[in-house]
Amino acid sequence: MTIQLIFPDGSVHEHESGVSGFEVAAGIGARLAKAAVAVRLDGELLDLSRPLLHGGAFEVVTETTDEGRHVIRHSAAHVMAQAVLDLFDGATFAIGPAITDGFYYDFNIGRPFDPDDLEQVERRMAEIVEADQPFEREACSIEEALALFVDQPYKTEIIQAVDDSEGAGGESVSVYRNEDFVDLCRGPHLPSTGRLKAVKLLRSAGAYWRGDETRDQLQRIYGTAWESKQALDDYLNRLEEAERRDHRRLGNELDLFSFPPELGSGLAVWHPKGGLLRTIIEDYSRRTHLSHGYEIVATPHVAKAQLWETSGHLDFYAEGMYPGMMLDEQTEYRMKPMNCPFHILIFKSNGRSYRELPLRLFELGTVYRYERSGVVHGLLRARGFTQDDSHIFAMESQLGDELQSLLDFTLMVLRDFGFDEFEADISTRPEKYVGQDDAWDKAEAALQQALEIAGLPFEIAEGEGAFYGPKIDVHVRDAIGRRWQLSTLQVDFGQPENFDLLYASAENTRERPVMIHRALMGSIERFVGILVEHYAGAFPVWLSPVQATIVPVADRHIGYGREVAAAMGEIGLRVEVDEADDTVGEKIRRAITHKTPSVLVVGDSDVEGGTVGLRLRGEEHERRGVGITAVLDELKQMAAAPR
RNA sequence: GCCGGGUUAGCUCAGUCGGUAGAGCGCUUCUCUUGUAAAGAAGUGGUCGUCGGUUCGAUUCCGACACCCGGCUCCA
């Protein structure tokens, strides 16, 4: 009996039924066979050794693809589990998937791993790889599997749940064996452990069984595995690059901000250069909101607890709020975790007409959220931060148009800050929700349509919406490909209800408006953190706190340097004169390490000719003797804000 | 909040098997007056995170707390 395999190029090839994926790959080419780690038949990934029993779309999965690396990492996870079970008596193991750029496995060895343990595990893994043990797949019944893993409570639980993602599902499960190690696994795996060429364990950490904090705390070991030593090194270099970009490190080196322990966890102070950077960003934000139909408001940082009861925050998110303060006898006050109730009260301060809608209230509003102690992370997750927050009050009929222009505005802002790769999520109605079904339907459709018109790729996160409305989250990719969630556009049917918001319609009836909560940068703190990492601290000129450093060659050139600085300051450039008693080389080095976009060296010939030596970031050579007017023009142009 | 690791000079870090500490950079001063990524010299700088315990003696050992780091969980 023969089967027909359809290759990716559309060609059809006949093979004997039962032929292995490896044999097919070898028939195509020796190099392909060597690089193969698995095959895909009609969408299903199979081991190279697996007999192919039916025809269909066929593809060889090679080691340099994401899927191929996934197979490598999954096999590496198995070898790690094998090593741990070899080394630690009574060790139990839970799950060990491949993840982006690596893999992990969760264990219980009755104590945490220490760094020496990891080295030992890594050495044992190397021995297993050296032994080149074949991975062998077996199908077994649930009963057989339970007997096989009788000493393994986590495996037993998985088998009993017949978890489709772990075993084959249904009546039987698959296991993989190499030597005396056996693990429950769907596969596929490499043909043998010897195919692992570049594996490294990275760290261990606690993790809950099934991700549930009420269940066992397991010990997770993270590792990474690649198709070659070179690819592993490249990855490790990328990790180092990410570390070099870490906003906490750069924030310190560039003197932008700090987190004094005296203030408490998650609370930043902004140093002069960071304060300037923030102000530039905030000014941009106010400017663009004003030119896009928003009105700026300002609101306090605390309010009566009663307000948060009306808004529902105390019901749902009390544990995320700072505790109350008792003032004026019996009145409790709370720090604000959100700005919306304040903006709502501004809406309510007047009777509103449909003619005023959509009413867009904007504020750089500072909020305080009591983040759990283990989660604060520099500027990216702080306890006090400022949102570029707006609440839009609109008629339901305006929702579609409003969301669409809002999305345009959002993308404009993100592009202005140097992001040009976007992805979005639409989060739809959860199980418990407020508002009418048809209103939800319309809002979800409006969100989706806005994304389609803007041409953004998006995914639908079913049931992930807040109870009060659906939302769009916009993610960007940074300069080294990392994904960050920035903007959120959120429809709210709940708060207008809670606060009994009304407007007078054209027919002079009282109607309930719909609200949109939205933040584009999200939090200014977090946005700055992401910008620091995106630009590795080397901000575009318009954002640089210091746009030019003037370096006098000798003391006698300081006066001229100051004149040049004054001329630059007059056209709005931010300039410093480095008057320190250092050599020219040292001063230039300092300016460069501080990521100043332009360095202007002034010496005898410049004083004489009214020129400077101009060194721009990114240009290979400096330019000598450039006339002042030309420099001013050039820098002014470079420093122009996007709008 | 949970698990693990950590906290020594402004920064990055070494060190003390319990007898109160060191480097590089920075900073200050002096000399040099410099032309495109580190001139030379001399200084300065630490309640060894906080509080308690053990001890003749604690920066070192133990405990609690604070803060940081890596994960988990959470993220209106």
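A note on names: the letters A, B, ... follow the listed sequences, proteins ahead of strands, and every chain is numbered from 1.
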Could you tell me if the ring centre of Tyr433(A) sits under 6.0 Å from that of Tyr468(A)?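 Distance test on ring centres: not under 6.0 Å, no.
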On RNA chain B, does the nearest nucleotide to Gly374(A) precede the nearest nucleotide to Ala554(A) from the 5' side, or the other way round? Give the residue.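 Going by which nucleotide is closer to the 5' end, it is Gly374(A).
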Need to verify one output field. Residue with the more 5' nearest nucleotide on RNA chain B, Glu371(A) or Asp246(A)?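 Checking each residue's closest nucleotide, the 5'-ward one belongs to Asp246(A).
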To the side chain of [X], which of [options] is closest?
| X | options | value |
| --- | --- | --- |
| Asp555(A) | G70(B), A37(B), U33(B) | U33(B) |
| Pro261(A) | G4(B), C67(B), A76(B) | C67(B) |
| Val553(A) | U34(B), A76(B), C3(B) | U34(B) |
| Thr583(A) | C72(B), U34(B), A76(B) | U34(B) |
| Gln217(A) | C2(B), G1(B), A76(B) | C2(B) |
| Asp581(A) | U36(B), U31(B), A38(B) | U31(B) |

Describe the nucleic acid contact of [X] in one word from base, sugar-phosphate, nothing, applying a heavy-atom distance below 4.0 Å.
| X | answer |
| --- | --- |
| Arg203(A) | sugar-phosphate |
| Pro337(A) | base |
| Phe259(A) | nothing |
| Phe316(A) | nothing |
| Glu262(A) | nothing |
| Val584(A) | sugar-phosphate |
| Phe113(A) | nothing |
| Ser265(A) | sugar-phosphate |
| Asn252(A) | sugar-phosphate |
| Ala205(A) | base |
| His377(A) | sugar-phosphate |
| Gly585(A) | sugar-phosphate |
| Gly266(A) | sugar-phosphate |

Which string of ( ) [ ] | and . matches RNA chain B, if you list each base 5' to 3' and count Watson-Crick or G-U pairs only when both distances are under 3.5 Å? (((((((..((((.....[..)))).(((((.......))))).....(((((..]....))))))))))))....
Under a plain distance cut-off of 3.5 Å, with no hydrogens placed, do [Y] and [X] share a side-chain donor-acceptor pair?
| X | Y | value |
| --- | --- | --- |
| His557(A) | Asp604(A) | yes |
| Thr366(A) | Thr386(A) | yes |
| Glu363(A) | Thr299(A) | yes |
| Thr428(A) | Glu462(A) | yes |
| Glu533(A) | Trp484(A) | no |
| Thr549(A) | Asp578(A) | no |
| Thr310(A) | Trp308(A) | no |
| His594(A) | Thr596(A) | no |
| Gln495(A) | Asp492(A) | no |

With no angle test and no hydrogens, is the base of [N] tied to the side chain of [X] by a donor-acceptor pair under 3.5 Å?
| X | N | result |
| --- | --- | --- |
| Arg215(A) | C2(B) | no |
| Asp114(A) | G5(B) | no |
| Arg372(A) | C75(B) | no |
| Tyr208(A) | C2(B) | yes |
| Arg556(A) | U33(B) | no |
| Ser204(A) | G70(B) | no |

Listed partners of Asp425(A) passing salt bridge (Lys or Arg N to Asp or Glu O under 4.0 Å), at least two apart: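 Per chain and number, Asp425(A) pairs via salt bridge (Lys or Arg N to Asp or Glu O under 4.0 Å) with no residue.
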Pairwise [atom1] distance, [M] and [N] [rounded to whole Å]:
| N | M | atom1 | value |
| --- | --- | --- | --- |
| U34(B) | U59(B) | C1' | 45 Å |
| C75(B) | C62(B) | P | 37 Å |
| A39(B) | U33(B) | P | 15 Å |
| C74(B) | A37(B) | C1' | 45 Å |
| C11(B) | G45(B) | C1' | 13 Å |
| G46(B) | C3(B) | C1' | 33 Å |
| A9(B) | C25(B) | C1' | 12 Å |
| C48(B) | U7(B) | P | 14 Å |

Does anything in residues 619-632 of chain A reach RNA chain B, meaning a heavy atom under 4.0 Å, and if so which residues?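 Nucleic-acid contacts, sorted: Glu622(A), Arg624(A).
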For Tyr370(A), does the six-membered ring have the charged nitrogen or CZ of Arg383(A) within the cation-pi criterion, i.e. under 6.0 angstrom from the centroid and within 45° of the normal?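 Yes, a cation-pi geometry.
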Side-chain N or O of Tyr222(A) closer than 4.0 Å to phosphate OP1/OP2 of G4(B):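 The answer is no; no side-chain N or O of Tyr222(A) sits under 4.0 Å from OP1 or OP2.
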For U73(B), does either OP1 or OP2 sit under 4.0 Å from a side-chain N or O belonging to Arg381(A)?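 So the side-chain polar atoms of Arg381(A) never come under 4.0 Å of the phosphate oxygens OP1 or OP2 of U73(B).
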Checking Thr593(A) side chain against Arg589(A) main chain: does a donor-acceptor pair fall under 3.5 Å?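 Such a contact is found between Thr593(A) side chain and Arg589(A) backbone.
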